[in-house]
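Remarks on the structure that follows.
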Amino acid sequence: MAILEELCSTTLHPNVAELYGPLKSRLPSISMSTLYRNLDALRQAGDILELQIPGHNKRYDGRTTLHYHVICERCGAVRDVPEDYVSLRPGLRGEIDGFELTGFRLDFIGICPSCRNGGSDARARSHVLEN
């Protein structure tokens, strides 16, 4: 439950390392293997989203309702796209080229403010925790 609470309390879409610090202070006996195992169980139960970003560590999202993300192509930072930016289509049905549609995913790619301002990869990754 602490993992789920931590993910639901942030909009930063943390990776495992970014989750581990705050959780370790709350639960001193937690191990990385326990964290990985519970993240996988929460994902399989549909309680969290796992975001796979090419070239970066997986990130996690406690918000499972339909929404989109904007991803920094340099540092991998992830933010939610404001709902008024894109019209959401939750009732998508039908087929595309013989594929039965079961869902969809739409990500926006860009460069975050820290990276645009000349931040190094290390500094850009650290701003994810600060925002």
Side-chain angles (χ1 to χ4, degrees):
M1 290 313 301
I3 296 168
L4 185 57
E5 287 171 8
E6 191 68 34
L7 283 172
C8 289
S9 72
T10 183
T11 60
L12 300 181
H13 308 82
N15 61 34
V16 170
E18 294 163 344
L19 268 174
Y20 186 70
L23 287 168
K24 186 74 172 167
S25 65
R26 287 175 66 183
L27 305 166
S29 64
I30 194 169
S31 67
M32 288 293 272
S33 62
T34 298
L35 179 54
Y36 276 109
R37 190 172 46 257
N38 282 278
L39 284 169
D40 191 50
L42 288 166
R43 180 193 54 78
Q44 287 183 24
D47 294 330
I48 64 171
L49 299 177
E50 181 181 84
L51 308 173
Q52 296 189 17
I53 303 164
H56 298 280
N57 293 327
K58 294 176 186 175
R59 294 189 168 275
Y60 298 90
D61 191 348
R63 182 177 167 201
T64 59
T65 57
L66 178 62
H67 67 287
Y68 304 121
H69 298 104
V70 60
I71 301 167
C72 180
E73 62 189 33
R74 291 185 185 166
C75 71
V78 178
R79 298 290 183 273
D80 291 335
V81 173
E83 290 182 21
D84 61 349
Y85 192 81
V86 179
S87 173
L88 302 177
R89 292 188 58 197
L92 185 66
R93 294 184 186 184
E95 284 190 10
I96 295 177
D97 200 22
F99 285 77
E100 177 185 349
L101 298 179
T102 59
F104 68 97
R105 183 178 134 188
L106 172 67
D107 294 325
F108 293 86
I109 308 299
I111 301 171
C112 72
S114 180
C115 290
R116 271 198 335 259
N117 293 326
S120 69
D121 275 356
R123 203 172 94 207
R125 273 192 281 281
S126 72
H127 88 276
V128 171
L129 296 174
E130 297 167 2
N131 290 334

Is the closest side-chain heavy-atom distance between [X] and [Y] below 4.5 Å?
X: Val16; Y: Tyr60; result: yes
X: Cys75; Y: Ser114; result: no
X: Leu7; Y: Asp61; result: no
X: Leu4; Y: Asn38; result: no
X: Leu51; Y: His13; result: yes
X: Ile53; Y: Val78; result: yes
X: Val70; Y: Ile109; result: no
X: Leu39; Y: Leu19; result: yes

Exercise. Report the C-alpha distance between Arg74 and Arg116 in whole Å, list the side-chain angles of each, state the deciding distance to 0.1 Å, and finish with yes or no for side chain to side chain contact (heavy atoms under 4.5 Å, CB included).
Key: CA-CA 9 Å; Arg74 291 185 185 166; Arg116 271 198 335 259; 5.7 Å; no
[atom2] on [Y] to [atom1] on [X], rounded to 0.5 Å:
X: Met1; Y: Leu42; atom1: CE; atom2: CG; value: 8.0 Å
X: Gln52; Y: Lys58; atom1: CD; atom2: NZ; value: 5.0 Å
X: Thr64; Y: Asp47; atom1: OG1; atom2: CG; value: 7.5 Å
X: Arg37; Y: Ser31; atom1: CZ; atom2: OG; value: 6.5 Å
X: Tyr20; Y: Ser25; atom1: OH; atom2: OG; value: 10.5 Å

Practice problem: Could you pull out the closest heavy-atom pair between Cys8 and Gly62, with the gap in Å? | Solution: SG-O, 3.7 Å
Practice problem: For Arg79 and Thr11, work out which heavy atoms get closest and say how close. | Solution: CD-O, 4.5 Å
Any salt bridge linking [X] with [Y]? Criterion: basic side-chain nitrogen under 4.0 Å from a carboxylate oxygen.
X: Glu50; Y: Arg59; value: no
X: Asp40; Y: Arg43; value: yes
X: Arg63; Y: Glu83; value: yes

Quiz item: In the single-linkage hydrophobic clustering (I, L, V, M, F, W, Y; side-chain heavy atoms under 4.5 Å), do Ile111 and Phe108 co-cluster?
Solution: no
Quiz item: Should Tyr68 and Ile48 be regarded as members of a common hydrophobic cluster, given that ILVMFWY residues are connected when their side-chain heavy atoms come within less than 4.5 Å of each other, either directly or indirectly?
Solution: no
Quiz prompt | Side-chain H-bond candidate by donor/acceptor type, Asn15 with His56, under 3.5 Å | solution = no
Quiz prompt | Glu100 atom CD: more than 12 heavy-atom contacts under 6.0 Å | solution = no
Self-check item: Stepwise side chain to side chain contact (heavy atoms under 4.5 Å, CB included) check, Leu101 with Glu95
Solution: CA-CA 5 Å; Leu101 298 179; Glu95 284 190 10; 5.7 Å; no
